[in-house]
Asks: 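The structure is given below, and queries will be raised subsequently.
Below, chains carry the letters A, B, ... as their sequence lines are ordered, and counting in each starts from 1.
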Amino acid sequence: MVDRVRSGVTQLDEMLGGGFLSGDSVLVAGGTGTGKTTLGLQYIVNGATQFGENGIFVTFEQMPNQIYRDAKNFGWDLKRLEQENKLRLICTSPELLLETHGTKHFLDEPIRQVKPRRIVIDSLSNLAMYIEEKEVRKEAYRLLNYFKTKQISSLCTWEAPETIGQSLLTGVGLSRVADCIILMRLVEIDSTMRKALVVLKLRGSNHDKALREYDITSEGITVAQPFTGFESIITGLPRRVQLPRSF
Amino acid sequence: MDLLTLFHNNPGLSDTIEGVARRIGRTASEIEADVKDLVDLGLLVKERFGKLDVLSFNTNKDKQIQETISNQIIRRAD
């Protein structure tokens with residue numbers, strides 16, 4: 001029986017056959033406003049509050065007070081979790097995650113203090129601002145393996161332009177580095193922006209291949225039923241499928 | 001003042017001097033003197049990490065200074 005790490009988003013865990021595989025590296029790719037950070041926070045908060053797994057949330061662009069505020073809107077009290085030493089919110093620059101001080105890593109000390117089973121890096125795309133494109137895969141591989149050796153399951157967000165979809169991931173080779181890839185994207189249907197989520201890859205396990213609609217509610221991400229009656233949803237501009245006439 | 005407010009509101013901030021400066025719309029050289037003052041006061045901790053200097057907030061020292069100020073105000077009011 002494989003040890004699973006549940007996100008706490010029930011329908012997503014079902015799509016994954018029970019959750020992510022323990023110790024795996026998960027890449028959540030999507031454009032702006034798709035809810036990558038929200039999913040990351042939900043994963044960390046649920047870990048600490050529902051599954052007894054402490055977590056670290058590393059943010060590069062957003063300030064902690066913004067994250068505390070946004071999380072509070074979903075009913076997640078990050079400050080309380082920090083006081084209980086179940087969570088650590090770290091705001092820093094990507095270059096510090098790339099820097100090694102002898103054999104020490106920047107995250108060694110927080111990991112020693114919090115003893116996390118989960119970590120979120122928001123966002124791995126920020127690393128790309130500090131290194132050449134050809135180095136991104138190598139550095140991401142190094143960082144994700146650092147978490148694996150510490151037996152920490154990682155979830156990294158990745159900013160993927162809406163028009164490109166999956167191809168950008170393969171462009172820098174991250175699709176091979178990550179064990180699991182979730183793509184979140186906006187979809188225009190009847191002049192309304194809706195949201196679609198798909199598990200593109202889950203190494204070593206079967207998973208739901210359907211494109212499902214999801215929403216960002218007052219309680220975080222909720223995943224609904226698969227889209228039906230449309231094709232090319234992944235492009236962001238789906239077409240209605242002509243259903244065969246019944247005679 | 002901007003620097004102190006930044007760390008006070010974001011105690012989880014642990015960044016390079018350049019990174020901290022960017023977060024308040026300044027450059028590293030512009031905040032250098034203020035950083036030195038706050039490090040000397042013990043409110044900021046500066047640690048060398050590889051080639052980089054990392055700044056973080058000393059929340060214990062912050063609490064200590066706040067308590068001292070608060071006690072001074074109470075004493076004067078008495």
Asks: What part of A:Phe60 gets within 4.5 angstrom of chain B, counting heavy atoms only: side chain, backbone, both, or neither?
Replies: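 Contact with chain B: backbone only.
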
Asks: Non-hydrogen atoms of chain A under 4.5 Å away: do they reach the side chain of B:Val54, the backbone, both or neither?
Replies: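 Side chain of B:Val54 only, per the 4.5 Å heavy-atom cut-off to chain A.
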
Asks: May I ask you to check whether over 12 heavy atoms, not counting those of B:Glu30, lie within 6.0 Å of atom CD?
Replies: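 Above 12, so yes.
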
Asks: For A:Gln50, is the CD atom crowded, meaning more than 12 foreign heavy atoms sit under 6.0 Å from it?
Replies: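 Counting neighbours around CD of A:Gln50, more than 12 heavy atoms of other residues, nucleotides or ligands fall under 6.0 Å, so yes.
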
Asks: First locate atom CD1 of B:Ile24, then atom CE of A:Met63, and finally report the distance between them rounded to the nearest 0.5 Å.
Replies: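 Reported value, rounded in 0.5 Å steps: 9.5 Å.
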
Asks: Anything in residues 78-95 of chain A with a heavy-atom distance to chain B below 4.5 Å? Please list those residues in order.
Replies: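 Residues of residues 78-95 of chain A touching chain B at under 4.5 Å: A:Leu89, A:Ile90, A:Cys91, A:Thr92, A:Ser93, A:Glu95.
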
Asks: Take a 6.0 Å sphere around CZ of A:Arg142 and say whether it holds more than 12 heavy atoms from other residues, nucleotides or ligands.
Replies: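 Yes.
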
Asks: Say whether, by atom type as modelled, one donor and one acceptor occur between the side chain of B:Asn10 and the main chain of A:Asn65 under 3.5 angstrom.
Replies: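 Such a contact is found between B:Asn10 side chain and A:Asn65 backbone.
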
Asks: Measure across A:Tyr130 and B:Arg22 and return the closest heavy-atom pair with its distance rounded to 0.1 Å.
Replies: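 Minimum heavy-atom contact is OH-NH2, 3.0 Å.
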
Asks: Taking atom CD of B:Glu32 as the centre, report whether more than 12 heavy atoms of other residues, nucleotides or ligands fall under 6.0 Å from it.
Replies: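 No, not enclosed.
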
